Every structure is written in structure tokens, then in C-alpha cells.
Peer 1: 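One structure follows; several queries about it will come next.
Owing to the predicted nature of the structure, the values given are computational and were not obtained by experimental measurement. Each chain gets a letter, A, B and so on, in the order the sequences are listed, and its residues count up from 1.
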Amino acid sequence: MLEAAVAIRGLRHTFPGDRPVEVLDGVDLEAAPGAFVSLVGPSGCGKSTLLQVLAGLLVPDAGESLIEGRSTVGEPGLAAYMPQKDLLLPWRKAIGNAVLGAEIAGVGKEAAREQAMALLERFGLTGFESAWPSQLSGGMRQRLALLRTFLVPRHLLLLDEPFGALDAITRREMHQWLQEVWATDARTVLFVTHDVEEALILSDVVYVMTPRPARMAARFEVDYPRPRRPEIVTDPAFVADKARLLAALDAPTQRQAGVPTPPPRWDRLRACSEKPADEL
Amino acid sequence: MAAEAPSLRRSLPARGWRLFGRWGGAAWEYAPALVLLAALVGLWELFVQVLDTRPYILPAPSAIWEALLDKGHLLPNHIQATATEAILGLLAAAAGGVLLAVVISSIPLARRVLYPIIVTSQTVPAIVLAPLLMVWVGIGLESKLIVVALVGFFPIVVSTVDGLASADRDMVALVRSMGASRIDELRHVLIPSAIPGFFAGLKIAAAYSVIGAVIAEWVAAKEGLGIFIIRSQASFRIDQIFVAIGVIALLSIALFVAVHLLARVASPWKYANEKGENGS
Ligand SMILES: Nc1ncnc2c1ncn2[C@@H]1O[C@H](COP(=O)(O)OP(=O)(O)O)[C@@H](O)[C@H]1O
Ligand SMILES: [Mg+2]
């Protein structure tokens with residue numbers, strides 16, 4: 001059997017303090033190599049926390065976090081991580097920011113620069129290689145942060161709400177664009193978002209998280225043919241699947257009203273196939 | 001008309017001056033200060049003429065001007081000596097200050113041990129220290145250099161430590177996720193973050209460096225503006241003392257401006273939008 005690109009089992013974490021914040025309450029997740037996996041959950045449920053554990057920046061209280069079989073606990077540098085903020089270094093020009101990760105990973109300066117220049121057009125940054133980050137538009141900054149992440153020589157990309165700060169129109173463009181880029185690159189992607197439509201358009205698999213303290217509420221396999229056009233959002237099947245995803249997002253709120261947590265609806269929902277929904 | 005939108009932040013006369021380039025703009029900016037200064041000098045002249053003040057109490061600006069023409073040929077050697085002490089002392093202060101700041105920032109114990117000592121060292125006036133240094137290292141260049149460095153390193157340490165502490169923690173986390181070592185963190189994030197703070201401290205040190213050198217020269221020296229003042233005082237040439245004061249002021253301003261320009265060169269990203277370089 002092929003080794004999972006990402007395997008998370010029973011992950012727990014509480015931020016200590018005067019009022020400890022229990023964030024992750026036994027999270028499980030698996031991603032196959034080359035898959036595009038999205039993580040959807042309400043704001044503040046612990047999505048960013050989960051990515052930080054995978055990036056090796058946060059030591060969890062319990063559980064396993066593996067990338068290609070290696071534990072990420074206390075070991076950063078196993079994945080290409082794009083934080084929620086673009087965090088471009090203001091003192092580096094666009095090209096310098098693009099090659100930062102590659103440079104730190106030990107790719108030679110010249111080689112990294114060549115790779116970046118070759119990708120500039122694909123990332124819509126042609127002619128802006130020597131602009132300072134403060135001179136770029138929001139969309140360009142985001143694409144530059146993505147380019148920087150793509151140039152980190154790792155098999156796994158961890159993207160934390162990369163389009164969260166963009167307007168709806170730019171965001172739609174970015175969805176098309178990201179699909180194209182990913183199709184030729186074929187690395188594993190773990191994509192965090194709170195936008196279910198975005199998750200459905202982009203993903204092979206969508207995980208739905210409960211509110212904090214987070215667990216997995218459901219897992220959907222999305223098997224629309226690719227490439228997926230923007231018009232897909234008006235397709236009746238898509239609309240129905242979106243409704244099921246939203247229902248999964250809403251369901252766990254009952255838990256807070258005292259109803260015991262149902263087991264996660266693992267694989268029970270096979271959304272988005274051509275066949276009519278035979279369950280539910 | 002609308003080809004280039006007029007900048008609303010600049011008044012019309014300022015834009016007129018800008019036809020003469022950057023220096024024309026600067027001249028306009030400082031014109032009010034120069035006018036005020038000229039008015040004060042005029043009042044001073046009037047005051048001395050009307051009250052017929054003794055020249056060994058308060059000489060008129062015109063008398064000072066004559067003293068400059070008369071004894072000006074003596075000044076270049078003194079200026080060179082004082083400027084050399086100030087600049088070398090400033091360089092020593094910068095090197096020592098940055099080294100100390102890095103140590104204090106990266107080792108908590110060093111912070112607890114060194115910070116109180118550094119603060120205490122500032123309570124010893126340079127005028128008290130100077131004679132001791134003459135005894136210890138002689139009346140040559142070294143003793144003056146040490147006085148200037150001791151006066152200058154304090155603001156540099158304090159503001160560089162603050163600059164290092166102001167580094168964005170998320171940026172540090174980002175480079176750490178790329179597998180960065182401590183040296184990489186310093187090189188890519190911490191040091192660039194501290195550059196503005198370092199230069200703020202260096203500006204203060206530059207403004208005080210000439211005074212520091214002059215104070216050291218008072219105690220004992222073969223050449224320099226300090227010894228020029230002592231000699232003028234001994235022969236009741238108050239007009240020459242005023243000449244020296246003017247030269248000290250100009251020298252201090254020149255050093256301050258030089259550091260300011262250096263700061264611009266060292267942090268081009270801060271001024272990128274001003275110049276409109278690579279804009280739109
Ligand atoms: N360093 C921290 N210390 C304390 N609480 C934190 C810290 N980081 C995040 N939290 C809290 O943990 C919860 C989950 O945060 P996060 O993972 O950023 O959520 P999400 O990305 O899903 O919006 C939030 O309630 C947040 O306030
Ligand atoms: Mg988040």
C-alpha cells in the first residue's frame with residue numbers, strides 16, 4: 001500500500017494559560033499522495049493550529065502527526081507551509097521573496113532564481129520581479145506568497161486560507177488558476193478554508209471540522225471531472241452537495257446544546273457523483 | 001490635464017520648487033527655519049550695536065564673521081582632527097553597539113546581567129571620564145575615540161535591541177517552517193527588522209559624537225576644535241569661541257545628515273513608494 005502523504009491520528013492540543021483554550025480534541029486525517037484535500041470548519045475551530053502542527057511549529061499535547069511517515073513534532077521543514085497572512089519580507093524584492101524557501105532549503109541562489117523566473121508568468125507576476133512587496137496589489141501578494149510556497153522543494157503544500165483576503169471576483173480567477181498550476185505540479189495539497197464552495201471546486205477530498213474543540217465531523221469525496229469551470233457552482237448536483245456540506249458543518253452545533261457527539265460520518269457521504277444521492 | 005494626477009499632499013509653491021529637483025524641495029522645506037535663524041541673528045546684531053556690548057562679553061555676528069575670515073586658515077586642521085575622532089568613535093560605537101545588542105537579544109541571562117551595567121555606565125558624565133582615559137591610554141586619538149564611542153553606543157544598543165525585539169514573530173515562524181537555522185533566522189528576519197531601529201540610534205549617536213570629541217579635547221589634545229576653544233578662551237577671544245560653536249554645529253548636522261542618507265541606502269524598501277520606482 002502506498003504510504004499516506006499526511007497521516008494525523010488522535011491529535012489533541014490545548015493552549016495553556018489562565019483560561020486554557022482546548023482546540024484540538026482528537027483529530028484524525030489522512031491524505032493520499034498527490035491528492036487535493038480541503039479542511040473546512042467554522043472560524044476559530046483550530047484549522048490553523050492543525051497546520052502549525054504539520055509545519056512543525058507547534059508541539060501538540062498528544063497524538064500523531066506524520067508526513068510521509070515522519071513525525072513533524074518538533075521537526076519543521078518537512079512541508080511547504082503558507083501561513084494565513086502572506087508574510088512577505090518587506091526588505092526583499094518580489095523575486096527575493098519567491099526564492100526565500102528554496103534558498104533556506106539549500107537550493108543554490110542562481111538555480112532558485114532561474115526556477116522562480118520560469119514560473120513568474122504562470123503566477124501572473126511577469127515584470128514585477130524587482131518590485132517591493134509594498135508595491136504589489138493584494139492578489140499579486142497572494143500569488144507571490146503561493147509562488148514562494150511552490151518553490152519550497154517539498155512534496156506537501158500546506159495552504160492556510162490562501163484566498164481568504166481576496167474579493168469574490170479575484171477569488172474565482174484564483175480557483176481556475178490554482179487548478180491549472182496544481183494539475184501540472186501534482187503535489188499533495190492540504191488546503192484550509194471556511195468557504196465550502198471553494199472546497200468543493202478545488203478538492204478531491206473535503207474534511208469538515210466541528211467547532212472548537214475540533215474533531216472531524218465528516219469526510220466527503222468529490223469526484224467531479226476536472227478541470228472544473230466556475231459555472232459548476234450553478235449545477236444542481238453541485239448545489240445539492242453544497243447543501244450537504246453545509247448541513248455537516250451545522251450539525252455539530254447540537255453537541256453544544258448537550259446532545260452527545262455522533263461518530264464522524266466517515267465516508268458515508270459520497271458526494272458529487274453523477275448518480276443521484278442514494279443516501280440521505 | 002489628468003495625465004498625471006497632482007499630489008494633494010504638496011502645496012503649490014512646494015511643487016514649484018520641485019522643478020529644481022530634490023534639493024529645491026529640501027530648500028523649501030527648511031526655508032522657514034532659515035528665515036527664523038536669520039531673523040534671530042539680525043536681532044542679535046541690533047542688540048549688540050544698540051547696547052554697545054563689550055566684545056569679550058558678547059561679540060556681534062559681524063565681529064564673529066570677521067574672526068572667521070581672520071583665523072579661518074587655522075580651522076581645517078582642527079576640524080579634521082575633531083571629525084576624525086567623531087567618525088572613528090561613531091564606527092566603534094556602531095560595531096560595539098550592534099554586537100552587544102545581538103548578545104543581549106539572544107541570551108536572556110546576558111540581558112539581565114548587561115542591561116543594568118550599560119544603563120549605569122550612562123550615569124558617568126563624559127567630562128569626568130575623559131581625564132581618566134587620558135591617564136590610562138594617553139592624550140592621543142584613542143582616548144577621544146573611546147569617549148565618543150562611550151557616548152554613542154548607548155542609544156545604538158537600546159534602539160537595536162528594540163528593533164530586534166520588534167521582528168514579526170510570524171515571519172520568524174515562517175522561515176523556521178522552511179527549516180531555517182538560528183543563523184538563518186537572524187540573517188533573513190531579525191537583522192533586517194532591526195535596521196530602522198539601529199539607524200535611529202546611530203542618528204542620535206552622530207548628533208552627539210562631535211560634542212563628545214570636543215569634550216575629550218578640552219582635557220588634553222594637540223589639535224581639534226576643543227583645544228581651539230580652550231586657546232581662544234585663554235586669550236579672551238570670545239568671537240573665536242562663537243566661530244568654533246558654529247563649526248561644531250555644522251559638523252554635527254553634516255554627520256547627522258550623512259547617517260540619514262546612509263539609512264535610506266540601507267533600507268530602500270522604506271522609500272520605494274516615495275520614488276514611484278516600478279510603480280503601478
Ligand atoms: N497561541 C495561542 N494561544 C492561545 N490561544 C490560541 C493561540 N493560537 C490560537 N488560539 C486559539 O485557538 C483557537 C483556534 O485557533 P485557529 O487554529 O487559528 O483557528 P482557525 O484557523 O480555525 O480559525 C482560537 O480560539 C484561537 O483564539
Ligand atoms: Mg486560521
Side-chain angles (χ1 to χ4, degrees), chain A residues 48 51-58 67 72 74-97 99-107 112 125 127-137 140 145 148-149 151-154 156-160, chain B residues 4-5 7 9 98 101-102 105 159-160 162-200 202 261-280:
Chain A
S48 295
L51 282 209
Q52 280 171 32
V53 172
L54 280 167
L57 298 173
L58 185 71
I67 293 178
T72 67
E75 189 168 358
L78 294 179
Y81 170 52
M82 178 174 168
Q84 205 162 347
K85 290 186 278 176
D86 60 53
L87 294 177
L88 299 172
L89 304 184
W91 42 85
R92 282 184 167 231
K93 293 186 172 174
I95 189 80
N97 268 290
V99 300
L100 178 68
E103 219 180 287
I104 290 175
V107 179
L125 294 164
F128 283 89
E129 58 270 19
S130 54
W132 297 103
S134 61
Q135 297 172 318
L136 301 177
S137 69
M140 292 177 104
R148 177 187 65 199
T149 313
L151 285 173
V152 178
R154 299 287 175 264
L156 172 67
L157 304 181
L158 306 170
L159 309 180
D160 197 347
Chain B
E4 191 166 294
S7 160
R9 283 190 306 175
V98 167
V102 169
S105 304
S159 53
T160 307
D162 283 354
L164 287 169
S166 76
D168 188 334
R169 298 174 64 91
D170 292 336
M171 284 184 188
V172 176
L174 173 72
V175 296
R176 198 172 288 166
S177 82
M178 294 166 169
S181 64
R182 286 298 295 267
I183 301 287
D184 287 331
E185 285 172 34
L186 211 61
R187 191 159 73 95
H188 293 303
V189 182
L190 296 175
I191 288 176
S193 303
I195 284 179
F198 163 74
F199 276 105
L202 191 63
L261 294 178
L262 206 62
R264 286 187 74 120
V265 172
S267 45
W269 67 93
K270 299 224 126 190
Y271 305 94
N273 295 322
E274 213 171 275
K275 281 182 285 179
E277 175 189 304
N278 266 314
S280 79

Peer 1: Only pairs of heavy atoms separated by less than 4.5 Å count here; which of A:Pro90, A:Pro83, A:Gly56 has the most with chain B?
Peer 2: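 Sorted descending by pairs with chain B, the first entry is A:Pro90.
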Peer 1: Output the distance between atom CG (B:Leu174) and atom OG1 (A:Thr149), rounded to the nearest 0.5 Å.
Peer 2: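 Answer for the CG-OG1 pair, B:Leu174 versus A:Thr149, is 8.0 Å.
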Peer 1: Side chain, backbone, both or neither: which part of A:Leu88 has a heavy atom under 4.5 Å from chain B?
Peer 2: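 Answer is backbone: N, CA, C or O of A:Leu88 sit under 4.5 Å from chain B.
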Peer 1: Considering only heavy atoms, which portion of B:Ser193 lies under 4.5 Å from any heavy atom of chain A: side chain, backbone, both, or neither?
Peer 2: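 For B:Ser193, the contact with chain A is made by backbone and side chain together.
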Peer 1: If you count heavy-atom pairs under 4.5 Å with chain B, which of A:Leu100, A:Val152, A:Leu158 comes out on top?
Peer 2: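 Answer, by heavy-atom pair count under 4.5 Å with chain B: A:Leu100.
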Peer 1: Which value, rounded to the nearest 0.5 Å, describes the distance between A:Ile104 atom CD1 and B:His188 atom NE2?
Peer 2: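 The NE2 atom of B:His188 is 4.5 Å from CD1 of A:Ile104, to the nearest 0.5 Å.
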Peer 1: If I measure from the heavy atoms of chain B, does A:Ala102 come under 4.5 Å with its side chain, its backbone, both, or neither?
Peer 2: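 No part of A:Ala102 comes within 4.5 Å of chain B.
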Peer 1: Compare every heavy atom of B:Met178 with every heavy atom of A:Gly101, then report the nearest pair and how far apart it is.
Peer 2: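 So the two residues come closest at CA-SD, 3.5 Å.
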Peer 1: Is B:Asp170 in contact with chain A via its backbone, its side chain, both, or neither, using a 4.5 Å heavy-atom distance?
Peer 2: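 Both the backbone and the side chain of B:Asp170 come within 4.5 Å of chain A.
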Peer 1: Quick one: closest heavy-atom pair of A:Pro76 and B:Ser177, and the distance?
Peer 2: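 Heavy atoms of A:Pro76 and B:Ser177 come nearest at CB-CA, 4.1 Å.
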Peer 1: Looking only at heavy atoms and a cut-off of under 4.5 Å, which of B:Pro192, B:Gly179, B:Ser181 has the most pairs with chain A?
Peer 2: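 Looking at each option in turn, the highest pair count goes to B:Pro192.
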Peer 1: Heavy-atom cut-off 4.5 Å, strictly under: side chain, backbone, both or neither for A:Glu103 against chain B?
Peer 2: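 Contact with chain B is through the side chain of A:Glu103 alone.
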Peer 1: Checking heavy atoms, do the side chain of A:Leu87, its backbone, both or neither come under 4.5 Å from chain B?
Peer 2: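 For A:Leu87, backbone and side chain are both near chain B.
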Peer 1: Parallel, tilted or perpendicular for B:Trp269 and A:Trp132, by the 30°/60° rule?
Peer 2: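 Answer is tilted, since the angle falls between 30° and 60°.
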